[in-house]
Amino acid sequence: SQTIHQWPATLVQPVGSPLSLECTVEGTSNPNLYWYRQAAGRGLQLLFYSVGIGQISSEVPQNLSASRPQDRQFILSSKKLLLSDSGFYLCAWSGPAGATGELFFGEGSRLTVL
Amino acid sequence: SQQGEEDPQALSIQEGENATMNCSYKTSINNLQWYRQNSGRGLVHLILIRSNEREKHSGRLRVTLDTSKKSSSLLITASRAADTASYFCATDVGFQKLVFGTGTRLLVSP
């Protein structure tokens, strides 16, 4: 069966510090991978998605970046965090093109920037 | 930007009652999906309805889709306290992307 792991679960960082959130998927090949952010009490904002190694599409221009160094690994990074980067970050995967499009989510990483 | 808008934003009912949530969206879609999120957790997929379908059932869930009105509804019958969660609609707009709505917070009291 497929599983998705996301870490760290909770992170408190000072403004201006770097960020690295990691997500890995097991039990499937060539998944589509996604990073979403959820502000408190709000819906989900799509940040990045990837359909293959090294292929990253950005939805929201900002000081965050994403990388996919391996087929089932997706990393969200920032060189210098802003207060507005606080939120609940969710990684998700779906089957490749032609699949149903259902997303499978990780348990999320709660980031607080102070 | 948000594609979907759920209505109501919050809903409070008693156990055994039915809960209805609505979703409106703006652009053409391939399919529409509903997800559930328990507080502080990841989202869980509930049901998918394709653009050429009008109604779909899964257990106590019933979803309708009206593409002419760009709207969908989720009905949970005979609600239980364990159904307490936030519910989101998400539209498949193509290009491997799902765009989520703002969510409905459902509280089911025993």
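These values consider heavy atoms only, across backbone and side chains, with no hydrogens, waters or symmetry-generated copies. Naming convention: chains lettered A, B, ... in sequence-line order (proteins, then strands); numbering from 1 in each chain. The model shown is predicted, which means the values in this text are computed figures rather than measured ones.
Within a 6.0 Å sphere centred on CD of A:Gln73, other residues, nucleotides and ligands contribute more than 12 heavy atoms. The 12-atom threshold is exceeded at CZ of B:Arg54, counting heavy atoms of other residues, nucleotides or ligands nearer than 6.0 Å.
Between the A:Tyr36 side chain and the B:Phe100 main chain, no donor and acceptor come within less than 3.5 Å of each other.
Of all heavy-atom pairs between B:Lys97 and A:Tyr49, the closest is CD-CE2, 3.3 Å.
B:Leu61 and B:Val108 fall within the same hydrophobic cluster, defined by Ile, Leu, Val, Met, Phe, Trp and Tyr side-chain heavy atoms under 4.5 Å apart, directly or through other members. Under a hydrophobic clustering in which Ile, Leu, Val, Met, Phe, Trp and Tyr are joined whenever their side-chain heavy atoms come within less than 4.5 Å, directly or via other members, B:Trp34 and B:Leu107 fall into different clusters. One hydrophobic cluster, built from ILVMFWY side chains closer than 4.5 Å, holds both A:Val15 and A:Leu11. Using a 4.5 Å cut-off between side-chain heavy atoms of Ile, Leu, Val, Met, Phe, Trp and Tyr, with links allowed through other members, A:Val12 and A:Leu111 fall into different hydrophobic clusters.
For the pair A:Leu103/B:His45, no side-chain contact is recorded, criterion being any heavy-atom separation below 4.5 Å from C-beta on. Using a 4.5 Å cut-off on side-chain heavy atoms (C-beta onward), A:Gln38 and B:Phe88 make contact. You'll find the side chain of A:Leu44 reaches within 4.5 Å of the side chain of B:Leu43, heavy atoms only.
For B:Gln37, the part sitting under 4.5 Å from any heavy atom of chain A is the side chain, from C-beta outward, and nothing else.
The structure places CD of A:Glu102 at 7.0 Å from CD of B:Gln33, a figure rounded to the nearest 0.5 Å.
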